Amino acid sequence: MLDIKLVRTQPEQVVAGLAKRGFQFPMETFTKLDEERRRKLVEVEQLKNKRNTVSKEVGRIKAAGGDASAIIQEMQQVGEAIQQLDNDIRQLEDELNRLMLEIPNIPHESVPVGKDETKNKLIRSWGEPRRFDFEPKSHDEIGVGLGIMDFERAAKISGARFVVMKHWGAKLERALVNFMLDVHTSEHGYTEVFPPFLVNRASMTGTGQLPKFEEDMFKVTPGDYYMVPTAEVPVTNLHRDEILSADQLPIYYAAYTACFRAEAGSAGRDTKGIIRQHQFNKVELVKFCKPEESYMEHEKLVNDACKILEKLKLPYRVMLLCTGDQGFSAAKCYDVEVWLPSFNTYREISSCSNFEDFQARRANIRYRPAPGAKPEFVHTLNGSGLAVGRTVAAILENYQNEDGSVTVPEVLREYIGVDVIR
RNA sequence: GGAGGAGUGUCCGAGUGGUUUAAGGAGGCGGUCUUGAAAACCGUUGUACCGCAAGGUACCGGGGGUUCGAAUCCCUCCUCCUCCGCCA
């Protein structure tokens, strides 16, 4: 959520910032609601002050054995006026809140301005795409051929956009989760967290998935639960409505969860293979830090994600997303893209965002800069470290051999127990 | 799922309709005393919103209601505890 005071005091800055990402801020509606709310607030608070003062007087008169019926009658009308105003204010606040919850974040000044992904900026690339002396297969062809992926039975037991991983495939998936968590906890200083996969509405609102993206989420009945679309939601909300102390920061969490996405708007896209599934595994990195450190932490976060690909010796590149391509809550976002031979291009495998105080304001996550000082909002960041299914796909494709077997990356051999999957 | 109990500030904890601000204690911070520390004593101690300010308003798990006036009474929801049932 944007700072309502910023909108009030620097309206042209807010409008210009959001215009860069193609969003038009409804300034007229905002101003009308905000001004009316404040006007009524002043009015009702004056009335409440009167009521408080007079009610104490009533107590005093009654204790002294006097008759207070005249002022009590007068106060009845004041009470009615207060109730009416309180109702009006509540309604105005609801409307204002609904409006503000649907306003995306303002891009950071270092983000290139652009309408779509064609304006994303290449930051760096690592590794050389392998040259094959045979026609490389796609990961799903390899997986089905090895008997480690079963799409037909997945369709039978669940439906489209699901896969059953079997034998070495299942083991590879599990090995990658362990490998990623081990690297981030023992080499990058993250604390491992294993959160619930179902969360409440307040958590989904806190990180920005709701109210705007309701149709992308799986809602569970009975109960008011949502299945997590990413571990970002439960992990960021760990500190919702908390005031952290400055010496706790920065906080680094690494969490594995399955992720569940309805993929409502992506019919027909990536229907083959395991690139886009309703359920996938992901190790997520989440940081809470002081505002002045968030951009430094952002760079470190991207490097932590990249480190996994380097250890796996998978070629990748880092892209800085332009204003039109970054997510709703992000101020700045890098995508890490891994080389996939069958696509003959790089595909997103990690998305690393700095949300500044956008999520912290929604989720009310603050810290005290110094003992006794006023609390301020923290900055939150997160990034995939990495998407496990896509990593499986990248390994199968980049490490495939002509006979259909797949060489296991060196760092995974102790996790899996074989050198080659055949 | 059934029965009972509870939720108060950083923490413990008192408070079942009114008289200045939620008593008291602990902890934190500042001070006095002391060579220094401890003890003792004194002071101070949350969050948010509105307002140029003085100041005001709200918050006793959440929401709603009764009343001139609610931490206190009523309704509803949530969470935790005890017992019973079911269960990986």
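So that the names make sense, note that chain A is the first sequence line, chain B the second, and so on, each numbered from 1. Scope of the values below: all heavy atoms of this structure, side chains included, with no hydrogens, waters or symmetry mates. Keep in mind it's a predicted model, so treat the numbers as computed, not measured.
Checking G79(A) against L41(A), the closest nucleotide of RNA chain B that is more toward the 5' end is the one next to L41(A).
When distances run from any side-chain atom of R51(A) to the nucleotides rU47(B), rA58(B), rG18(B), the shortest one goes to rA58(B). Proximity note for P375(A) (side chain, C-beta onward) versus rA48(B), rA58(B), rU57(B): the nearest is rA48(B). Distance from the side chain of E45(A) is smallest to rG56(B) among rG56(B), rG46(B), rG69(B). Distances were taken from every side-chain heavy atom of N49(A) (C-beta onward) to each of rU57(B), rG18(B), rC50(B); the shortest belongs to rU57(B). When distances are taken from the side chain of K5(A) to each of rC50(B), rC68(B), rG56(B), the shortest belongs to rC50(B). Each of rC50(B), rG18(B), rA58(B) was ranked by its minimum atom distance to the side chain of K48(A); first place goes to rA58(B).
Under a cutoff of 6.0 Å and an axis angle of 45°, R153(A) and F151(A) do not form a cation-pi pair.
Summarising the base pairing, rC52(B) is matched to no nucleotide, lacking a Watson-Crick or G-U wobble pair whose two defining distances lie under 3.5 Å. Using the Watson-Crick or G-U wobble rule with both distances under 3.5 Å, rA70(B) pairs with nothing in any strand shown. Remark: rC59(B) base-pairs with rG46(B). Criterion, Watson-Crick or G-U wobble with two distances under 3.5 Å. Pair assignment for rG1(B) gives rC84(B), based on Watson-Crick or G-U wobble hydrogen-bonding distances that are each under 3.5 Å. Applying the Watson-Crick and G-U wobble criteria (two distances, each under 3.5 Å), rG7(B) pairs with rC78(B).
Among the protein residues, R39(A) comes within range of no part of the nucleic acid, since none of its heavy atoms lies under 4.0 Å from any strand. Looking at heavy-atom distances under 4.0 Å, V54(A) makes no contact with the nucleic acid at all. Contact annotation for R8(A): backbone-only contact, meaning every heavy-atom pair under 4.0 Å involves sugar-phosphate atoms and none involves a base. In this structure, E43(A) reaches neither bases nor backbone, as no heavy-atom distance under 4.0 Å exists between it and the strands shown.
For F288(A) and H239(A), the ring centers sit closer than 6.0 Å to each other.
Checking the phosphate oxygens (OP1, OP2) of rG18(B), no side-chain nitrogen or oxygen of R60(A) falls inside 4.0 Å. Put simply, R90(A) has a side-chain N or O that comes within less than 4.0 Å of OP1 or OP2 on rG64(B). Regarding contacts with the backbone of rA58(B), a side-chain N or O of N52(A) is found under 4.0 angstrom from either OP1 or OP2. For the OP1/OP2 pair of rU67(B) and a distance below 4.0 Å, the side-chain nitrogens and oxygens of Q83(A) include no atom meeting the criterion.
With 3.5 Å as the limit, one finds a donor-acceptor pair spanning the side chains of N401(A) and T407(A). There is no side-chain donor-acceptor pair under 3.5 Å between E232(A) and Y253(A).
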message: Go through it in stages, so that I can follow the logic: the residues are M180(A) and L386(A), the test is side chain to side chain contact (heavy atoms under 4.5 Å, CB included), and I'd like the CA-CA distance, side-chain angles, deciding distance and then a yes or no.
response: CA-CA 7 Å; M180(A) 290 174 190; L386(A) 305 162; 3.9 Å; yes
- prompt: After noting the C-alpha distance and the side-chain angles of D150(A) and K156(A), does the key distance pass the salt bridge (charged side-chain N to carboxylate O under 4.0 Å, His left out) rule?
  reply: CA-CA 10 Å; D150(A) 189 338; K156(A) 176 173 68 181; over 6 Å; no
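Spacing between atom CD1 of I243(A) and atom P of rG28(B) amounts to 20 Å, rounded to whole angstrom units. Residue K56(A) contributes atom NZ, which lies 10 Å from atom C1' of rG69(B) at whole-angstrom precision.
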